[in-house]
Each structure stands twice: as C-alpha cells, then as structure tokens.
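Okay, so here's the structure we're looking at.
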Amino acid sequence: MKRRAFISLLGGAAAAWPLAARAQQPAMPVIGVLDARSPGSIEEGTLRGFRQGLKESGYVEGENLALEYRWANNQIDRLPALAAELVRRRVAVIATSGGPAVAFAAKAATTTIPIVFIVNEDPVSLGLVAGLARPGGNATGVNIFTAELTAKRLDLLRELVPGAARVGVLVNPAQATSAESTLRDVAAAARITGLQIKLLNASTSLEIEAAFASFMQERPDALLVGPDAYFFTRRVQLTHLASHLSIPATYAQRDYVEAGGLMSYGSNLTDAFRQIGVYAGRILKGAKAADLPVVQSSKFELVINASTARMLGLTVPDKLLVAADEVIE
C-alpha cells in the first residue's frame with residue numbers, strides 16, 4: 001500500500017472513532033416533573049433543593065440527566081393528560097408535587113414507571129402506598145405533614161392573638177382530600193379549645209376575594225389558611241387581603257410570610273424537595289420505589305413577620321420569638 005493511501009486510511013478511521021464512541025454512549029436518563037401549579041409560582045429555593053438532592057445522588061441536569069417539566073397551571077383536570085404525556089415520553093422517573101391529586105394522576109397513568117411524590121397527608125391513608133416502611137407498587141416519596149400540623153398552627157395563632165375566639169378557616173373544595181383533612185383537624189382542635197370556626201371556601205381568585213369580603217359581615221378574630229397548592233400560587237393576594245382587612249392570619253409555608261403574611265408553621269419545603277431528588281437519583285441507579293421507605297419530614301419551621309405584627313397592633317410574645325426559626329423585620 002502506498003504511503004499516501006495508508007495515511008488517508010488512518011485519517012478516515014480516526015474520524016470514525018469519535019462517531020462510534022458517541023453511538024455507544026448510553027442515552028441520558030430523563031426525569032419527568034409533574035406539578036399542579038405554574039412555573040412562576042414555585043420558589044427557586046424548592047427547585048434548587050430538588051437539584052441538590054439529585055446532585056447528592058450523582059446527577060446534574062444537562063450533564064448526565066435531563067428534566068422534562070409538565071405544569072397544570074392550577075387546572076387539576078389537566079393532570080391526567082400531562083401524566084400520560086410523560087409516560088409516552090418514556091421518562092425513567094416521574095417526580096410529583098402540588099398535592100395528592102398530582103400523585104394520583106401519575107399512578108393512574110403508569111404502574112411501571114417509578115413515581116416519587118411530595119404529599120401533605122399520610123400516603124397510606126390516601127391509598128398511595130401500602131405502607132410507610134415498604135411502600136410496594138411503583139410509588140414512594142415524602143410526607144410533609146402539612147395537614148397534620150393544623151392544630152399546632154391554631155395553638156401558635158392563639159399565642160400571638162390571645163383574645164381570638166372566632167377563627168375563619170379558608171379551604172379549597174377543589175382539593176377535597178386536603179380540605180377534608182384540614183376541617184377534621186380544625187374541628188377536633190375547636191372542641192378542645194372552645195374556638196368558634198367559620199368555614200370559607202375558595203377555588204378561584206374571585207372566590208378568594210368573595211371570602212374575604214364576607215369578613216365584613218361576620219368578622220373573625222383571626223384566619224387560618226389551609227394548606228393547598230392553589231393557595232400557594234395566590235399567596236400575594238391572600239396576604240395582601242389579610243393585611244388590608246387587618247386580620248391576623250397563619251399559613252402552612254414560610255413563602256406566605258415572606259410575601260407579607262403574619263406567621264407560618266410547617267415543613268421545610270426545600271429540604272423535602274431535596275429528599276425527592278435523592279430518591280429519584282437512587283432509583284436511576286437501580287433502587288426500586290417499592291423498597292424505599294416513605295420519608296416523613298423532620299424539619300419544621302416557625303416563621304414570624306414582625307413588621308406585619310406591628311402593623312396589626314400585635315406584640316409578639318418572647319416565647320414565640322425564642323421558638324421562631326426566623327423573625328422577618
């Protein structure tokens with residue numbers, strides 16, 4: 001073989017090697033993220049927690065992992081179709097957040113693709129898993145105890161507003177499981193403390209306005225906003241209305257307090273999202289959802305907005321100031 005032909009042959013082979021190597025590389029795994037809300041309503045801190053959990057498991061978006069999002073934009077009836085899209089996309093894992101309805105939509109769409117959820121109630125009682133230690137099936141995740149902390153929120157509210165006898169409770173009937181759980185816990189707490197409860201329902205922005213307008217006829221001493229994915233997206237509206245009507249209100253998540261709300265007590269959502277990121281990464285490495293125990297939140301935080309308290313004419317007791325994880329000035 002002539003020298004020039006031999007060099008050309010080597011050059012052609014060298015050019016082919018990278019192509020062959022690329023062809024042999026495994027496809028990048030894809031995690032589908034299904035949420036009831038809209039992307040603009042989610043705090044970056046929670047998504048950062050999810051990515052941190054993935055990183056702890058060895059996965060970084062854009063390097064060895066792709067994330068594909070499906071947002072329902074607060075239209076719960078869209079969830080089944082969005083979950084079906086992720087199944088057709090053949091994602092490796094589906095991560096859900098925004099309430100039990102999202103997890104149920106994912107479970108209805110597939111019995112084989114692993115699902116990692118965040119829910120605010122006991123997933124065994126909901127029927128999402130067979131047990132906490134051994135979930136069985138194709139789903140596991142995190143219980144952030146939002147609903148179970150309702151009585152604690154009422155206790156803290158009464159410490160901050162000691163004269164409160166009538167408390168309004170705002171729930172979203174469109175999220176029936178969360179609403180029923182909140183009302184059940186409120187009723188139990190009211191029987192013990194002697195509180196009078198005024199139930200308020202809202203599923204839209206206009207209904208929220210109407211609920212607050214009803215305060216003018218039968219004004220409660222304080223307000224408890226039930227845990228709800230839609231309410232979370234309307235937190236600026238809710239906190240503004242409460243401030244405008246000078247109604248002390250308590251919420252499930254710190255984001256409300258950062259938006260001007262008075263007080264919140266609940267699970268640390270950033271840590272909860274980190275935990276589902278860890279689980280999603282472990283599943284990509286071969287773990288089975290059926291064998292991963294449901295994580296129960298252990299990080300709870302009390303956040304108080306001292307500026308809002310002063311505006312409402314309230315003095316935050318030293319006991320609460322000491323207990324608070326953060327006091328916003």
Given 3.5 Å as the limit, does a donor-acceptor pair link the side chain of [X] with the main chain of [Y], or not?
X    : Y    : value
E207 : S203 : yes
R235 : V257 : no
N64  : G58  : yes
S214 : A211 : yes

Applying a strict under-4.5 Å side-chain criterion to I, L, V, M, F, W and Y, I'd like to know whether [X] and [Y] cluster together.
X    : Y    : answer
V278 : I31  : no
L67  : Y59  : yes
L86  : L82  : yes
L34  : Y69  : no
V303 : L157 : no

Closest non-hydrogen atom pair, [X] against [Y]:
X    : Y    : result
T239 : A259 : OG1-O, 3.3 Å
G277 : L54  : O-CD2, 3.4 Å
A272 : I144 : CB-CG2, 3.7 Å
Q253 : S264 : O-CB, 3.3 Å
A164 : L195 : O-CD2, 3.6 Å
A252 : P227 : CB-CB, 4.0 Å

*asked:* Does atom NZ (K198) have a neighbourhood of more than 12 heavy atoms from anything else shown, all under 6.0 Å?
replied: yes
Is the shortest side-chain heavy-atom distance between [X] and [Y] below 4.5 Å?
X    : Y    : answer
V60  : L65  : no
L223 : V167 : no
T308 : L312 : yes
T112 : N138 : no
L262 : L314 : yes
D122 : L132 : yes
L224 : R153 : yes
P317 : L321 : no

For I304 and I328, what are the C-alpha separation, side-chain angles and deciding distance, and is it a side-chain contact (heavy atoms from CB on, under 4.5 Å)?
-> CA-CA 6 Å; I304 298 171; I328 297 175; over 6 Å; no
Rounded to the nearest 0.5 Å, how far apart are [atom1] of [X] and [atom2] of [Y]?
X    : Y    : atom1 : atom2 : value
L170 : L199 : CG    : CG    : 8.5 Å
K299 : S267 : NZ    : OG    : 11.5 Å
N305 : Y251 : CG    : OH    : 10.0 Å
L160 : T250 : CG    : OG1   : 9.0 Å
Y230 : Q75  : OH    : CD    : 11.0 Å
I118 : T46  : CD1   : OG1   : 8.0 Å

- Item | Evaluation steps, side-chain contact (heavy atoms from CB on, under 4.5 Å), between D185 and S181 | CA-CA 6 Å; D185 291 346; S181 177; 4.1 Å; yes
Please identify each residue that fulfils ring pair (Phe, Tyr, Trp, His ring centres under 6.0 Å) with [X], with sequence neighbours left out.
X    : result
F300 : none
Y265 : none
F215 : F212
F117 : none

Contacts satisfying side-chain hydrogen bond (donor to acceptor under 3.5 Å, both in side chains) that involve residues 158-171 (not counting sequence neighbours) are none
D77 and L79: CA distance, side-chain angles, deciding distance, side-chain contact (heavy atoms from CB on, under 4.5 Å) verdict:
CA-CA 6 Å; D77 57 350; L79 288 169; over 6 Å; no
Residues pairing under salt bridge (Lys or Arg N to Asp or Glu O under 4.0 Å) where one sits in residues 273-284, two or more places apart or in two chains, turn out to be E56-R274, D271-R274
Just distance, no hydrogens or angles: give the donor-acceptor pairs under 3.5 Å from side chains in residues 286-298, sequence neighbours left out.
residue: D291; atom: OD1; partner: R134; partner atom: NH2; Å: 3.1
residue: S297; atom: OG; partner: N143; partner atom: O; Å: 3.4

- request: Inspect the contact between E258 and R254 and indicate whether a charged nitrogen and a carboxylate oxygen are less than 4.0 angstrom apart.
  value: yes
Given the options T182, D228, T204, N172 meets side chain to side chain donor-acceptor pair (under 3.5 Å) only with D228
What residues form a salt bridge (charged side-chain N to carboxylate O under 4.0 Å, His left out) with [X], not counting sequence neighbours?
X    : value
E61  : R51
R89  : E68
E209 : none
R310 : E329

Taking the six-membered ring for Trp, are F232 and Y256 parallel (under 30°), tilted (30 to 60°) or perpendicular (over 60°)?
perpendicular
Sequence neighbours left out, cut at 3.5 Å: what donor-acceptor pairs do the side chains of residues 91-107 make with other protein atoms?
residue: S97; atom: OG; partner: D35; partner atom: OD2; Å: 2.3
residue: K107; atom: NZ; partner: L128; partner atom: O; Å: 2.9

Could you walk me through whether V87 and I113 pass the side-chain contact (heavy atoms from CB on, under 4.5 Å) check? CA-CA 8 Å; V87 171; I113 296 175; 4.2 Å; yes
